[in-house]
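First comes the structure, then the notes that go with it.
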Amino acid sequence: VPAAPPPPLGCDDPEAEAAAEAAVNYINGQSHHGYKFTVNRVKDIRVVPQGPNNAIMFVDLELLETKCPILSPTPLENCTVRSFAEHAVEGDCDVKLQKVDGVFSVLASKCHSHEDSREDVRKVCPDCPLLAKMNNTEVLETVSAALNDYNSKTTDPYLRLLEIGRAQIQYHPGHVVVVEFAVGATNCSAEEAKANVQACQLLPEDQSNFGFCKAVMVKRPSQDLQVDCQLYGHQVPCFPGYSSLGITLSQDTS
Amino acid sequence: SVTKRAVAKATQHDKVPRPVGFAPPPPPPCPGKIRHFDI
């Protein structure tokens with residue numbers, strides 16, 4: 001009598017969770033934009049045995065955006081999931097993996113991401129600011145002002161904008177623009193950049209040459225700009241005299 | 001003549017008890033549990 005086929009793998013089985021972890025690590029490793037994603041749930045999984053200790057797995061994943069920029073050295077397990085009220089981005093991925101002798105390797109992946117429904121965010125938090133377009137004039141002005149402000153107050157290498165991660169504009173009770181953007185260190189000091197910014201080239205693509213900034217521009221009732229930059233792997237001197245410039249230090253990781 | 005007879009509603013206590021040693025049905029294999037929040 002032939003043996004009964006093994007029961008289908010459940011989406012919460014340890015093997016499914018291990019496959020999901022391998023898949024999301026691969027997806028984050030392949031991405032160079034935005035923020036790291038984490039698994040919210042395994043929606044479906046299918047296993048096609050290929051032989052002893054060899055199987056192909058098809059995994060359907062629901063992903064959530066974290067607050068860790070994709071270039072951040074922070075391990076995914078330490079990244080905070082961005083709340084729904086912050087108008088986050090969600091993702092869906094179909095991943096094909098091969099498991100040989102217990103080791104997963106991703107053969108193919110296809111992902112779609114989109115921001116959460118604006119109407120649903122409004123239901124949860126009527127006053128929360130929603131995501132703004134990256135090419136919004138106010139967003140671009142705030143990023144430019146924030147980067148200039150930072151560069152004017154540091155003796156570190158001159159930083160250049162890599163990409164805007166997200167932006168929100170609030171109109172009530174005050175007019176506030178909040179932006180987050182990735183930066184790269186250049187081979188110039190701020191003084192050298194003043195003389196000829198075109199000559200400043202990004203340093204080699206090493207994680208320690210990247211950083212991430214958050215800026216809050218209050219436009220009404222009174223104008224104010226706060227900038228907070230974290231440079232991965234750089235020891236940044238503090239400037240206690242500059243109340244509007246917050247600098248946090250990050251740990252080197254290998 | 002036929003009259004409608006009142007029937008008491010079944011309560012939690014009226015349900016047939018599960019036999020001792022009978023395992024509860026396994027959860028559906030997929031989708032898996034939500035780890036953070038429902039979207």
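To find a chain, count down the sequence lines: A is the first, B the second, and so on, and within it residues start at 1.
A distance of 9.5 Å separates CD1 in B:Ile34 from CG in A:Leu64, rounded to the nearest 0.5 Å.
The shortest distance between side-chain heavy atoms of A:Val81 and B:Arg35 does not fall below 4.5 Å.
Heavy-atom pairs under 4.5 Å with chain B were tallied for A:Val39, A:Asp116, A:Ile45; the largest tally goes to A:Val39.
Under a cut-off of 6.0 angstrom, the local environment of NE2 in A:His172 is sparse, with at most 12 non-hydrogen atoms contributed by other residues, nucleotides or ligands. Heavy atoms from other residues, nucleotides or ligands lying under 6.0 Å from NZ of B:Lys33 number more than 12. For A:Glu205, the CD atom sits in a loose shell: 12 or fewer heavy atoms of surrounding residues, nucleotides or ligands are nearer than 6.0 Å.
Residues B:Pro31 and A:Cys11 share a closest heavy-atom pair of C-CB, 3.9 Å.
Contact of A:Glu62 with chain B is made through the side chain alone, with heavy-atom distances under 4.5 Å. A:Ser117 does not touch chain B: none of its heavy atoms, backbone or side chain, sits under 4.5 Å away.
Evaluated for a side chain to side chain contact (heavy atoms under 4.5 Å, CB included) with B:Cys30, the options A:Asp12, A:Asp44, A:Leu9, A:Asp13 yield exactly one hit, A:Asp44.
Of the possible polar contacts, one joining the A:Asn40 side chain to the B:Phe37 backbone as a donor-acceptor pair under 3.5 Å is found.
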